[in-house]
Amino acid sequence: MGKYVIAGNWKMNKTPAEATELIEAIKPLVKDATCDVVVGVPFVDLCAALEAVKGSNIGVAAQNCHWEKSGAYTGEISAEMLKAMGVGYVILGHSERRTYFGDTDVTVQKRMRAALDAGLTVILCVGEYLEQREQGVTGEVCAMQTKIALGGVSKEELARVIIAYEPVWAIGTGRTATAEQANEVCALIRETVAGLYDGDAAAAVTIQYGGSMNAANAAELLAQSDVDGGLIGGASLKPQDFATIVAAAK
Ligand code: PGA
C-alpha cells in the first residue's frame with residue numbers, strides 16, 4: 001500500500017487469548033485505514049495473531065529474531081521460522097533490546113541480514129539516550145545506528161525496511177518529542193539514507209516516529225513532512241486509541 005505505516009509494539013503484553021481479543025477489537029476500527037497497519041506481538045502470540053488478522057488489513061510483526069537460520073541457540077527464534085509461519089514483519093534494534101538484552105549495532109545488522117534474506121519486512125529502531133541528546137550528538141548517534149544497520153542492505157532490499165526514530169527518553173515515559181524534534185531527526189535519518197543510496201530511495205523509505213505517541217498527539221506528529229508513521233507502544237494496547245492514531249496517518 002502507501003508509505004504510511006502505523007505499527008503497534010505490544011512488548012511483553014497479552015496472552016494468546018488476549019491477543020485474539022485485542023485484534024478482534026482493533027479490526028473493525030481500522031478496516032478503512034489509508035495506511036498500513038501492523039501489530040507487533042510476543043512470539044507466543046504469533047499463531048493467534050496470524051489467525052485473528054486473516055482477511056483483514058492488519059499485518060503481524062515479531063519483536064526480534066536471531067541472525068542464524070537454525071542451531072544451538074537456546075531460547076532464540078530465527079527469521080526463517082517467522083517467515084515459515086506467515087509473519088510479515090519483524091521489529092529489530094528496539095532500545096529495550098539494546099538496553100536490557102545486549103543488542104548492539106553489529107548484532108542489529110546481523111539480524112537485519114537474516115530478516116531480509118528470509119523475506120521479512122524490518123522495522124528498524126534507532127534513537128538516542130537523553131544524555132546523548134543533551135550532549136548534542138543525537139544526529140551522529142541516529143546516523144551511525146542507521147548506517148551500521150543498513151550495512152550490506154541493497155537498494156532493492158531497502159524497500160522492505162521501515163525505520164523508526166525512537167528517542168529513548170520518550171519511550172514509555174509519557175514525554176513525547178515535540179513535533180519539531182521528531183521531524184528534525186526523521187529528516188536527518190532520511191538524509192543519511194540519501195547518502196547511502198540516493199534521493200529516490202530516501203524519498204521512498206518510510207520513517208516512523210515512536211515514543212509516547214498517543215491519540216492526542218499523533219495528528220501533529222504525523223503531519224510533519226518527514227514523519228511517515230508511528231511505532232506505538234502503550235497506546236497500541238487500547239483499541240480506540242490505536243484506531244485514532246491509524247486514522248491520523250493520512
Ligand atoms: P511507547 O513505546 O509508545 O509506550 O512510548 C514506543 C516503543 O517502544 O516502540
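Both counts, for ligands and for their atoms, begin at 1 and track the order of listing.
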Is ligand 1 less than 4.0 angstrom away from at least one heavy atom of Gly211?
-> yes
Is the shortest distance from a heavy atom of Ala170 to ligand 1 less than 4.0 Å?
-> yes
Does Ile171 approach ligand 1 within less than 4.0 angstrom via side chain, backbone, both or neither, non-hydrogen atoms only?
-> both
Say whether Gln109 and Trp67, considering side chains only, have a donor N or O and an acceptor N or O under 3.5 Å apart.
-> no
Glu96-ligand 1 polar pair, N/O distance under 3.5 Å = no
Take Tyr129 and Thr99, measure what side chain to side chain donor-acceptor pair (under 3.5 Å) needs, and give me the verdict at the end.
-> CA-CA 10 Å; Tyr129 287 101; Thr99 304; 2.6 Å; yes
Can an N or O of Lys11 be found at a distance shorter than 3.5 Å from an N or O of ligand 1?
-> yes
Is there a donor-acceptor contact under 3.5 Å from the side chain of Ser56 to the main chain of Ala52?
-> no
Which of the atoms of ligand 1 are close to Ser212, meaning less than 4.0 Å from one of its heavy atoms?
-> 1 (P), 3 (O), 5 (O)
In terms of its nearest heavy atom to atom 5 (O) of ligand 1, the top option of Gly127, Gly172, Gly233, Gly234 is Gly172
List every atom of ligand 1 that sits less than 4.0 Å from any heavy atom of His94, numbering the atoms from 1 in the order shown and giving each element.
-> 7 (C), 8 (O), 9 (O)
Spell out, as yes or no, whether a donor-acceptor pair under 3.5 Å connects the side chain of Arg97 to the backbone of Gly102.
-> no
Nearest-neighbour protein heavy atom for atom 9 (O) of ligand 1, which is reported as residue plus atom name and distance | Glu166 OE2, 2.6 Å
Is Val38 reachable from Leu82 through a run of hydrophobic residues whose side-chain heavy atoms are each under 4.5 Å from the next?
-> no
How far apart are the C-alpha atoms of Thr206 and Asp228, what are their side-chain angles, what is the distance that settles it, and do they pass the side chain to side chain donor-acceptor pair (under 3.5 Å) test?
-> CA-CA 6 Å; Thr206 296; Asp228 309 320; 5.1 Å; no
Above 12 or not: heavy atoms from other molecules or residues under 6.0 Å from NZ of Lys27?
-> yes
